[in-house]
2 protein chains.
Amino acid sequence: MNRPCTEHGHVHRLIQPALTDLTEKLRAGDRKITGPRQSILNVLRQHASPLTNREIHTLLADECDLATVYRNIHTLLKMGLVNRVDIGDGTARWELMADAADHHHHHLVCTGCQAIVEVEGCFPVDFEQQLTRRHGFSQVTHRLEFFGLCPKCQAQATGAAATEPERA
Amino acid sequence: MNRPCTEHGHVHRLIQPALTDLTEKLRAGDRKITGPRQSILNVLRQHASPLTNREIHTLLADECDLATVYRNIHTLLKMGLVNRVDIGDGTARWELMADAADHHHHHLVCTGCQAIVEVEGCFPVDFEQQLTRRHGFSQVTHRLEFFGLCPKCQAQATGAAATEPERA
DNA sequence: CTGGTTGCAAACACTTTGCATGTCG
DNA sequence: CGACATGCAAAGTGTTTGCAACCAG
């Protein structure tokens, strides 16, 4: 389902919701189809790697204000159209939520260069239910991210002056 | 392993590293055992639920400056003594890293009241290796958090306007 | 026409940093 | 004594919000 992107070093999702499907959802939620809103959705559609609000704004080439990006992302979040991704640097990243339940996935983040790779698969739902049942929680979801050193950064680390003390 | 804390509504970890073990690690890293540093470690030892820098500072009752908390947490992070936890609100939280590899755990966060419960167990390491092997990453770790509605918030939601203050 | 939306700027919250002073080892 | 640590304040980011003008439905 995925194809490596030689230019950016990450994986592009081939299957992205059609823009019409997205605007349709907006309409259903009594939201207006404005220019900035369509642009934001398009930018997200073209980048599988989660983007920060600032990155979205930059990619939009000042088509709209940064505050508008924040407001729209927030709206899209409430409508369940985007998904928040945290990679531990304190900045929120956003990706388009694939249609409903399918295409559940996670990310593999390089601790060296911050590159984000999308990984398929996840643990069985039984695991989640089993783990949370005893606590009486309902509507349980999860967020799972992997971290590690990507091939490039590994080479760079070993190749360069061997100043890399082994870490536990 | 855990015991519910009636006062704070979360779960306290019974097994926490002894303060001497912690200061020992500091010494080993050529770090000084200062007053603020010991206090921070003690606060973390007494609260299993991850704390924000501000919370730590408050619990310290102004024993030291907020900036000192930030700096020390950063130091402890680099030394591998604390672990960062993100629950999706943009604020970093910190918990004491249990001894080495054991006591690997995750968190169950209530989307209603932000309460954090520690959950034991995790998927088999094989899963992680299998999932990331194809990407050539090394030193792979992961971060996993569960989200859901805690029993209290469920009742509050169904009971509608029903008076259910019950100081949380 | 009308309420949602936007631009702009100010306000906020969290986090980092420069510098002089203080203190552990 | 020397290097690291701290307090204080200022500056940096990421994010939110008030308000008047604007625009999609």
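Below, read A as the first sequence line, B as the second, and so on, with proteins coming before strands; counting in each chain starts at 1.
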Taking side-chain hydrogen bond (donor to acceptor under 3.5 Å, both in side chains) as the test, write out the residues that go with B:Arg93, two or more places apart. B:Asp89
Any salt bridge (Lys or Arg N to Asp or Glu O under 4.0 Å) pairs touching residues 121-135 of chain A, not counting sequence neighbours? none
Between B:Arg93 and B:Arg27, which is nearer to the 5' end of DNA chain C once each is assigned its nearest nucleotide? B:Arg93
What are the residues of residues 57-72 of chain B, sorted by number, that bring a heavy atom to within less than 4.0 Å of DNA chain C? B:Ala67, B:Tyr70, B:Arg71
Using five base pairs at each end to define the local axes, how bent is the helix from C:dC1-D:dG25 to C:dG25-D:dC1, to the nearest 10°? 40°
For B:Thr141, the side-chain contact (heavy atoms from CB on, under 4.5 Å) test, sequence neighbours excluded, returns A:Phe147
Rounded to whole angstrom units, what separation is found between the CG atom of B:Asp89 and the P atom of D:dG14? 17 Å
B:Leu144 meets the side-chain contact (heavy atoms from CB on, under 4.5 Å) criterion, sequence neighbours left out, with A:Phe123, A:His142, A:Leu144, B:His106, B:Phe123, B:His142, B:Phe146
Among all residues two or more places apart in sequence or in another chain, which pass the side-chain contact (heavy atoms from CB on, under 4.5 Å) test with B:Leu59? B:Val43, B:His47, B:Leu51
Spatial distance of atom CD (B:Gln114) from atom OG1 (B:Thr111) [nearest 0.5 Å]: 8.0 Å
Hey, are the side chains of A:Leu108 and A:Ile116 touching, using non-hydrogen atoms and a 4.5 Å cut-off? no
When you compare the protein's N or O atoms with those of nucleotides 21-24 of chain D, which come within less than 3.5 Å of each other, and at what distance?
{"residue": "D:dA24", "atom": "N3", "partner": "A:Lys32", "partner atom": "NZ", "Å": "3.2"}

Can you confirm whether A:Gln130 is buried at CD, in the sense that more than 12 heavy atoms of other residues, nucleotides or ligands lie under 6.0 Å from that atom? no
Would you mind reading off the distance between B:Leu26 atom CG and D:dA5 atom C1', rounded to a whole angstrom? 12 Å
Does a side-chain heavy-atom distance below 4.5 Å link B:Gln46 with B:Asn42? yes
Would you give me the side-chain donor-acceptor pairs under 3.5 Å for residues 61-71 of chain B, sequence neighbours excluded?
{"residue": "B:Asp62", "atom": "OD1", "partner": "B:His57", "partner atom": "NE2", "Å": "3.4"}
{"residue": "B:Glu63", "atom": "OE1", "partner": "B:Ser39", "partner atom": "OG", "Å": "2.6"}
{"residue": "B:Asp65", "atom": "OD2", "partner": "B:Ala67", "partner atom": "N", "Å": "2.9"}

With sequence neighbours left out, which residue pairs that include part of residues 138-147 of chain A fulfil the salt bridge (Lys or Arg N to Asp or Glu O under 4.0 Å) condition? A:Asp86-A:Arg143
Using whole Å, report how far CG of A:Leu76 lies from P of D:dT15. 15 Å
With sugar-phosphate meaning primed atoms plus P, OP1 and OP2, does B:Asp30 contact a base, only sugar-phosphate, or nothing at under 4.0 Å between heavy atoms? nothing
Under the side-chain contact (heavy atoms from CB on, under 4.5 Å) rule, collect the residues that match up with B:Ile33, sequence neighbours excluded. B:Thr23, B:Leu26, B:Arg27, B:Gln38
Provide the closest heavy-atom pair for B:Glu95 versus B:His107 in the form atom of the first, atom of the second, distance. OE1-NE2, 3.0 Å
Contacted region of DNA chain C by chain B, from 5' end to 3' end of the hits, cut-off under 4.0 Å to heavy atoms, spans C:dC14 to C:dG25
Take the protein atom CG of A:Leu77 and the nucleotide atom C1' of D:dT16, then report the distance between them rounded to whole Å. 15 Å
